[in-house]
Each structure stands twice: as C-alpha cells, then as structure tokens.
Amino acid sequence: MDFTLSEEQQMFAGSVRRFAEQHLAAGRLERAHNPSFPFDVAQMMGENGLMGIAMPVEDGGQGGSLMDSIIAIEQVAAVCPRSADAVQAGNFGPIRTFVEYATPEQKERFLPDLLAGRKVISLCMTESDAGSAVTELKTTAKPDGDGYLINGAKIFSTHSPDASLYLVYVRFGPGVGGIGSVLVERDAPGLVIGQPSPFMGGEEWAQLYFENCRIPAKNVLLGPGGFKKQISGFNVERLGNSSRALAVGRYAFELAREHAATRTQFGRALCEFQGLQWKFADVYLKLEAAQLLLYRAASVKEGELPSASDTALAKLACNQAGFDAANEAIQVLGGLGYSTESLAEYCMRRTRGWMIAGGSTEILKNRVAEHIFDRRFDQRRPQALAAE
C-alpha cells in the first residue's frame, strides 16, 4: 500500500502549481472579494486542460482520474483559494452529473462552452421546505405538448446569478420514484432570476422562480426514477467540496505557519511557544488524516463512482479539518488574520460554508452511522406520531 502520489501524479501536481504561480498568484486577494464567478480564470483553466479532467476524451474531457481532479484543486488553491472554484465548476458538481447521464445531443449543445470556461452550470436542489430532506421537494415538471412546464422555486443554488444552464431537481410524480431532473436554460420562458443575495463566504446566490417555465422534452436529463442516479453522481460533488475545504484550510495553515516562524514577541519567535506548537500539531494531524480519507474515496477504478460511505467520511473529515485549520490560523495571525487584507478570514468563511453545502456534517454523520450498523435510519417522523 503506497500513500504517496505516483511519479506521474507528482509531475502533474508540479505543472499545475507552476501554472497557478505564474497566472493566479497576482490578484488572489481581489478575486477572493469578488462575488462573481471568475470566468477569466475558468477560461484559462479550459485552455490549459484543467476542465473536465476526469471526463471522457470523446466528451471533450481529458480522460484522467478523480485523483487528478483533486490534485488540480489542491495545487490551484495552494496559490489562489478563490480560483479553485473554477476547477470545481469544471470537474465536480452538476457538470459531473450532466456528463454521466446526458444524451449525446445534450452534451453536444452544452459541454463545449462549459468545458471552455465560457459558461457555468448551477445545481438547483434546495427549496424553502426541502434542504437536507431533499426528497420533499415540490418543484414540478408536468407534460405539456412536446415539452414540460416547470413550476416551483429554488434557493441557495451555487453560481445561480451567473449560470447559463440550471440542472434542476423536479418532481414528475409522487414519492421518491417521481423525482428526476431537467435542464433549464437561462433564457427559458417563465424562468425568473431574483436579485443576488450574499453568502457569508463572499459568493452570491439568487432565488429562482419557475412560473410555467417551458422546456423542450429534449431537456429532460433524468426522468422519473432518476433520483438515485442523481445522488450517486452527487457523491462525486462531495469530493470536490471536500478537496476545496481541505485545500483552503491548508492555505490558511501555511499563512499561520509562516507567520509563527518569523513573528517575534517577548524576544522569541511565536513557534517557540509550546502552546502554539501544540495548536499546529493538532491541526496538522487533522489535515493529514482527512487527506488520506479523501484520497481513499477518490481511488476508485475507472468507470466507477465513489461509495457513499467513503465520500461521507472524507467530506466530514475534510470539512472539519479545513475549518479548524482556518479558524486557528486567524487566532495565530491575530489582528492580521481578522483583517480583510489577509486571506485567512476568507478561508475561514469559505470552509464554514462547506460544512453545510453538499450535505451538512450532521447528515454525513447519519450516513456514517448507517454504514457502521449496516441499516438505514429514517430521519422522518414516524407516521403514527405524525397522525396524532
């Protein structure tokens, strides 16, 4: 069992790091405070083969592995945390689900612009009454002539103010078996995009209203019964979330480490105080352990998707380690860490959000417990109690 990257992976990591240092180091603070999707960065990624890394060559991808995609996020985030969002958008999240299940015609229409970084796709799952309990979603898709009418609303959709394409979870019929997904283009009649609202992490989201929003039948991605396939694809998204959380936490850790090695107080370098030594040791342990869980989850055979239990463990560990690293970095950096002139506070805000997005840490613990006991724990209120 080898816990190191292969020679080829090390070479790839080195090339991505050099690219990032050359093109992304300058302006990283400004990017962190810009809420808009970084299309300029995404297009650079596309030109340099960093979009669609693990996607088939015949679809316009690079034919690499999930590990390659994770390495790319790590190396970009080590130089410019915000730019890692462009790598995520072109390799994980809804674009992965799209590539996995789209028809050849759908791929031909949408993938070239998405993989070139000219456009971005947004995943629309969450509703006001359907967060972690996503199967309670109410947005409907009803047949209408040669298409469908979509009615409902979505909130908290990543990249929603900037996206040109929305992958929308909808209900074709009752129950879990009635859930599927459709592709809604930004200019679709009946789609109303609300005013952008800021997240704590700096990005913005816009509420999406589907008011008899008409789409052609060819824009159905997964029809009734597609929910389980969608969630299987969502496990890959969780690895992208995990990678960014860990990489951004490491960025803050490195800021704090350099500060502690060079900053002097009371005539001594900060790193000479045992209290800070232990703080760094605790955080480093969490980062390294989370890294191993992440790599294990991503080390799947070609053509396979990561397991639900492995991704739950990896995301849980990476979310917690990334946030703890960024949070402690602020403490080590003091006033500098709390200032918006440092990226430490940005890293803390971003890593905190990933503990909610893509599956909250509490829901992940439920998934881990199901794996431990080899049974499902339904979180819904028992029907007998609900009827009382």
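Here, residue 1 is the first one in the sequence, and each next residue gets the next number.
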Exercise. Just wondering, are more than 12 heavy atoms of other shown residues or ligands nearer than 6.0 Å to CE in Met200?
Worked result: yes
Exercise. Taking atom types as modelled, is there a side-chain donor on Arg250 or Gln291 under 3.5 Å from an acceptor on the other?
Worked result: yes
For this session: Sequence neighbours left out, what passes ring-ring contact (aromatic ring centres under 6.0 Å, His included) with Phe280? Give chain and number order.
Result: Phe253
Exercise. With no hydrogens and no angle check, do the side chains of Thr139 and Glu127 hold a donor and an acceptor under 3.5 Å apart?
Worked result: yes
Problem set entry | Nearest non-hydrogen partners of Arg238 and Lys315, listed with the distance | CG-CD, 3.9 Å
For this session: Please work out whether the ring planes of Phe199 and Phe156 are parallel, tilted or perpendicular, with thresholds of 30° and 60°.
Result: tilted
Exercise. Which pairs, with at least one residue in residues 102-155 and sequence neighbours excluded, count as a ring-ring contact (aromatic ring centres under 6.0 Å, His included)?
Worked result: Tyr148-Phe172
Exercise. Partners of Asp68 by side-chain hydrogen bond (donor to acceptor under 3.5 Å, both in side chains), sequence neighbours excluded?
Worked result: Ser65
Problem set entry | Separation of Leu343 CG from Tyr251 OH (nearest 0.5 Å) | 4.5 Å
Exercise. Would you say the side chains of Asn219 and Arg109 form a donor-acceptor pair under 3.5 Å?
Worked result: yes
Exercise. Does His33 have any side chain to side chain contact (heavy atoms under 4.5 Å, CB included) partners at least two apart in sequence or in another chain, and if so, which?
Worked result: Leu29, Thr340, Glu345, Arg349
Seminar exercise, completed: Contacts of Asn212 meeting side chain to side chain contact (heavy atoms under 4.5 Å, CB included) (sequence neighbours excluded), chain-then-number -> Leu149, Asn151
For this session: Kindly write out the residues that satisfy side chain to side chain contact (heavy atoms under 4.5 Å, CB included) with Ala102, not counting sequence neighbours, or none if the list is empty.
Result: Phe98, Gln106, Lys107, Leu221
